[in-house]
There are 2 protein chains.
Amino acid sequence: MQFTNIRMGITKTDQFTNKQNSIATLAKAIGHPARVAIIEYLLKVDSCICGDIVNELPLAQATVSQHLKELKNAGLIKGSIEGNAICYCLDEKALAKLQNYFENIAKHLEKKKSKCC
Amino acid sequence: MQFTNIRMGITKTDQFTNKQNSIATLAKAIGHPARVAIIEYLLKVDSCICGDIVNELPLAQATVSQHLKELKNAGLIKGSIEGNAICYCLDEKALAKLQNYFENIAKHLEKKKSKCC
DNA sequence: ATACAATATCGTAATATTGCAATTTACTAA
DNA sequence: TTAGTAAATTGCAATATTACGATATTGTAT
């Protein structure tokens, strides 16, 4: 038949709840090892990072900048200009949201204790 | 200059740790609202689901099947043949891994109480 | 065998992601 | 003003994802 859907390839965001989309957006942002590494680095240094993120990663400057942008868009990190560099740090609220979400799931699973499979 | 890198567009998995890749894989699988909806449905019904997942989602059967495959590949769900249907349920270990990961992050952030930004 | 069901796979179109060189932007320092 | 540094943006190539119709597969009835 070969009819062509104009929306082919686009995620059907409007068919799901805001909460589902919100969790998916956060998870998607974490869904790349470079971005996991960035998050872990920001966590490790125990303060904001001004400048040396690029040197920490095995990727080109343009690529790192792109990953930082995605983390920022998802709301996982915040960045503020600090002289000649940019100061990045983790957004507690976004990470708390994920922590809550998975804790809730874990609790539910604990209660039901896999009745099958 | 326009030189062509044969590996352009491929994630540089080998440049990151196993743990980082593992978390990224799990997060990526959750990074789509349809897959979040599937996980929440499996959680809600409080037992394995044999058959009615397709009817629960606003997507074509082929699309749902594809999403289930991705969740399975990531290790988030398990499926076993149950007569004429397939019985799906959540994998506790994978979800516990995520729960642990974010709990750890939350604890670290709690301690440091954002010294900047 | 035949018909029916549920699920998987194939093929394909549209869009998104990943990565980097080159360039631009924005600030610092001399 | 000029040079230097840090980060963002642009442009593009390669690959991945999303979605669905069509078809194949697998198991259950009759």
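Here is how names work: the chains are called A, B, and so on, in the same order as the sequence lines, proteins then strands, and each is numbered from 1.
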Provide, to the nearest angstrom, the distance between the CD atom belonging to Q66(A) and the P atom belonging to dA22(C). 17 Å
When rounded to whole Å, the NE2 to C1' distance for the pair H32(B) and dT15(C) reads 12 Å
Just the rounded figure in Å: distance from C1' of dA8(C) to CD of E70(B). 14 Å
Within the structure provided, determine whether K97(A) and F102(B) are in side-chain contact (heavy-atom separation under 4.5 Å). no
With salt bridge (Lys or Arg N to Asp or Glu O under 4.0 Å) as the rule and sequence neighbours excluded, what pairs involving residues 10-25 of chain A come up? none
Could you list, one pair per line, each protein nitrogen or oxygen that sits under 3.5 Å from a nitrogen or oxygen of nucleotides 25-30 of chain D, together with the distance?
residue	atom	partner	partner atom	Å
dG27(D)	O3'	G83(B)	O	3.4

Have a look at A62(A) and say if it touches a base, only the backbone sugar-phosphate, or nothing, with a 4.0 Å heavy-atom cut-off. base
Extract all donor-acceptor atom pairs below 3.5 Å that involve side chains of residues 48-67 of chain B and protein atoms in other chains or at least two apart in sequence.
residue	atom	partner	partner atom	Å
D52(B)	OD2	Y41(B)	OH	2.9
H67(B)	ND1	R35(B)	NH1	2.9

Quick check: on DNA chain C, is the nucleotide nearest G31(A) upstream (toward 5') of the one nearest Q61(A), or the reverse? Name the residue that is more 5'. G31(A)
Separation of dA6(D) atom P from N55(A) atom CG, nearest Å, is 8 Å
L57(B) CG to dT7(C) C1', in whole Å, measures 14 Å
Does a side-chain N or O from H67(B) land closer than 4.0 Å to OP1 or OP2 of dA19(D), or not? yes
To the nearest Å, how far apart are I38(B) CD1 and dA19(D) C1'? 14 Å
Which residue, I53(A) or K12(A), contacts DNA chain D at a nucleotide closer to its 5' end, judged by nearest heavy atom? I53(A)
Atom CD1 of I86(B) and atom C1' of dA6(C): how far apart are they, to the nearest Å? 8 Å
Counting only side-chain nitrogens and oxygens, does Y88(A) get under 4.0 Å of the OP1 or OP2 atom of dA6(D)? no
Check the phosphate of dT7(C) against K69(B), side-chain N and O only, distance under 4.0 Å to OP1 or OP2. Yes or no? no
Atom-pair distance (CD1 on I10(A); P on dT15(C)), nearest Å: 5 Å
dT18(D) phosphate, OP1 or OP2: any side-chain N/O from T11(A) under 4.0 angstrom? no
Please walk me through it: do Y88(A) and L68(A) pass side-chain contact (heavy atoms from CB on, under 4.5 Å)? CA-CA 9 Å; Y88(A) 283 112; L68(A) 287 167; 3.7 Å; yes
Which is it for T11(A) and H32(B) under the side-chain contact (heavy atoms from CB on, under 4.5 Å) test, yes or no, and what are the steps along the way? CA-CA 8 Å; T11(A) 295; H32(B) 190 289; 3.3 Å; yes
I want to check one thing: is the phosphate of dT17(C), taken as OP1 and OP2, less than 4.0 Å away from some side-chain N or O of K28(A)? yes
Short side-chain N/O contact from S65(B) to OP1 or OP2 of dT7(C), under 4.0 Å: no
Student check: side-chain heavy atoms of L90(B) and I77(B) closer than 4.5 Å: yes
Short N-O contact, K107(B) and E103(B), less than 4.0 angstrom: yes
